[in-house]
Amino acid sequence: MHLDPLPRRAWLARVAASLLAGTGIARAAAPRTAITVGYTANADFGAAFIAKERGYFEQRGLDVKLQLIALSSTIPAALVSESMEIGGTTPPLVMQAVQGGLDLVCLASGATYSAALKQFQVMARTGAGIRGPQDLVGRKVAVPGFNATLHLLVRRWLARNGVDWKQVSFVEVPLMQSPTVLAGGTVDAMATIEPFVTRIVQAGSGTPMAGFVESSPDGAATVLWAATRKWATSHGAQVAAFRQSLAEAVAFANSNRAAALEDIAKYFKLPPEARAAVPFPVLQSGIEDRHLRFWVDTMRDQGMLTAQPVVSSLLLR
């Protein structure tokens, strides 16, 4: 029987596809590795948001589920319990967790501090009569996580101004709740970040305290991505893909800031006017000793470390 060329070619294509499927060489996309990545309401985790929105994770074989966590202090335990594979947390929390016996490693940075951005403040409640750091003695001050970055920075700022921070009563309040809690008068002051700073100012419930933001440790890591050493060392390909995706997201953000900010804002569900208040973070995917050194020194000054940690052992190479 004579077959004309087109049907014959179609028939051969079907046969070839069938043979490929039978040998396991399918044309379908390779399966992606499912990874739960926890984060808190902080734009400094923005590279992950951009990587998710732009498809960089998917392109590298990762099926990333981004999960909002109220308090960063809970993330080390969530990593160990395998509730998530990668967690966005802070350098002090990782160091404390390691000192406490948890075998965690730092995979990548999120961003670095810049005093010029004024991205975080200590807000004094309107009507509380707080004019300077000395007025916080005996007062109740909210921080978004005990022994996390803002908590340490407030204590450092108080000490540098001659105030014994042990005479200040600190309470833990999630960032998303900061405007409501301050307005309600539950606390006298609060350490928070944008866009919540602007929300508080616009509501008239608080004002920034002078001098705090100027004490910013420029160049130190604000947040980082961590995992258990067990998971990280047994998933080298996935760790590499995660890092590459973040690096590509940072490169995109540096040349497409408006679009990048739109991607970041989706994870805060902010109205357009609030988005304008968010300073663009100094996104940084690579992590080195110099990004953590400030925190080691600060934690030792505050008696939080019983021994000098070997920073290089915290970094997954």
Side-chain angles (χ1 to χ4, degrees), residues 40-44 69-75 89-93 95-96 113 115 117-217 220-223 277-279 294-295 297-305:
T40 56
N42 190 332
D44 288 0
I69 305 297
L71 294 171
S72 61
S73 56
T74 64
I75 286 179
T89 184
T90 66
L93 285 173
M95 292 182 198
Q96 278 200 301
Y113 278 104
L117 291 183
K118 298 184 178 180
Q119 69 225 75
F120 51 93
Q121 298 277 3
V122 173
M123 306 297 292
R125 180 170 53 82
T126 300
I130 297 172
R131 293 169 296 279
Q134 294 78 9
D135 296 323
L136 294 177
V137 173
R139 302 297 190 102
K140 191 176 290 186
V141 178
V143 293
F146 286 143
N147 296 326
T149 55
L150 281 180
H151 192 190
L152 268 68
L153 290 178
V154 173
R155 296 195 307 207
R156 176 175 176 265
W157 173 63
L158 290 171
R160 292 177 69 174
N161 282 276
V163 178
D164 181 0
W165 53 264
K166 293 179 182 178
Q167 296 182 29
V168 176
S169 177
F170 290 99
V171 296
E172 198 172 42
V173 174
L175 284 169
M176 298 291 282
Q177 298 175 18
S178 57
T180 303
V181 171
L182 191 66
T186 307
V187 298
D188 301 299
M190 170 172 288
T192 190
I193 63 174
E194 289 288 12
F196 309 112
V197 169
T198 296
R199 284 188 181 183
I200 291 168
V201 171
Q202 290 175 343
S205 54
T207 55
M209 295 188 66
F212 177 69
V213 73
E214 288 76 13
S215 67
S216 169
T222 58
V223 296
V278 180
F294 166 82
W295 296 113
D297 296 340
T298 299
M299 292 175 74
R300 284 185 64 80
D301 288 345
Q302 297 183 15
M304 297 173 65
L305 296 175

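Please read all numbers here as calculations on a predicted model, not as lab measurements.
- Asp135 contributes a side-chain N or O that, together with a main-chain N or O of Gly132, makes up a donor-acceptor pair within less than 3.5 Å.
- Between Met209 and Pro133, the shortest heavy-atom contact is CE-N, 3.8 Å.
- Taking both residues in full, the closest heavy atoms of Arg125 and Gly185 are given as CD-CA, 3.6 Å, listed atom of the first, atom of the second, then distance.
- With ring centers used as reference points, Phe212 lies under 6.0 Å from Phe120.
- Note: Thr207 OG1 to Met123 CE = 6.0 Å, rounded to the nearest 0.5 Å.
- Using a 4.5 Å cut-off on side-chain heavy atoms (C-beta onward), Val187 and Leu182 make contact.
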Side chain to side chain contact (heavy atoms under 4.5 Å, CB included) between Leu71 and Thr40, intermediate numbers included: CA-CA 7 Å; Leu71 294 171; Thr40 56; over 6 Å; no
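- In this structure, the side chain of Arg139 engages the main chain of Ala128 through a donor-acceptor pair within 3.5 Å.
- In this structure the side chain of Ser215 never reaches within 4.5 angstrom of the side chain of Leu153, judged on heavy atoms.
- A distance of 5.0 Å separates CZ in Phe146 from CD in Glu172, rounded to the nearest 0.5 Å.
- In this structure, Thr126 contributes its side chain and Gly206 its backbone to a donor-acceptor pair below 3.5 Å.
- Residue Ala189 comes nearest to Ile130 through the heavy atom pair CB-CD1, 4.4 Å, listed as atom of the first residue, atom of the second, then distance.
- Rounding to the nearest 0.5 angstrom, the gap separating the CD1 atom in Ile193 from the CG atom in Leu175 is 4.5 Å.
- Taken from OG1 in Thr298 to CG in Leu305, the straight-line distance is 10.0 Å, to the nearest 0.5 Å.
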Check the pair Gln96 / Met299 against side chain to side chain contact (heavy atoms under 4.5 Å, CB included), numbers first and verdict last. CA-CA 9 Å; Gln96 278 200 301; Met299 292 175 74; 3.6 Å; yes
Residues Ile75, Leu93; criterion side chain to side chain contact (heavy atoms under 4.5 Å, CB included); working and verdict: CA-CA 9 Å; Ile75 286 179; Leu93 285 173; over 6 Å; no
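- Rounding to the nearest 0.5 angstrom, the gap separating the CZ atom in Arg199 from the OG1 atom in Thr192 is 10.0 Å.
- Here the side chains of Phe196 and Gln177 are not in contact, with every heavy-atom distance at 4.5 Å or above.
- In this structure a side-chain-to-backbone donor-acceptor pair under 3.5 Å is present from Gln302 to Leu152.
- Glu214 places a side-chain N or O within donor-acceptor distance of the main-chain N or O of Gly211, the cut-off being under 3.5 Å.
- Closest approach of Pro92 and Ala148 over heavy atoms only: CG-C, 4.4 Å.
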Would Val163 and Val137 satisfy side chain to side chain contact (heavy atoms under 4.5 Å, CB included), going step by step from the backbone distance to the final call? CA-CA 8 Å; Val163 178; Val137 173; 3.7 Å; yes
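- Listed here is the closest heavy atom pair of Thr149 and Pro91: CG2-CD, 4.0 Å.
- Contact check for Ser73 versus Asn147: no side-chain heavy atoms found under the 4.5 Å cut-off.
- The shortest distance between side-chain heavy atoms of Met190 and Val173 falls below 4.5 Å.
- For the residue pair Glu194 and Thr198, a side-chain donor N or O sits within less than 3.5 Å of a side-chain acceptor on the partner.
- We find the CD-CG distance between Gln134 and Asp164 to be 12.5 Å, quoted to the nearest 0.5 Å.
- Taking the side chain as every heavy atom from C-beta outward, Leu158 and Leu136 approach each other to under 4.5 Å.
- Between Tyr113 and Trp295 the shortest heavy-atom distance is CE1-CZ2, 3.4 Å.
- Side chain of Asp188 to backbone of Lys140: a donor-acceptor contact under 3.5 angstrom is found.
- In this structure, the side chains of Val223 and Thr89 stay at 4.5 Å or more apart for every pair of heavy atoms.
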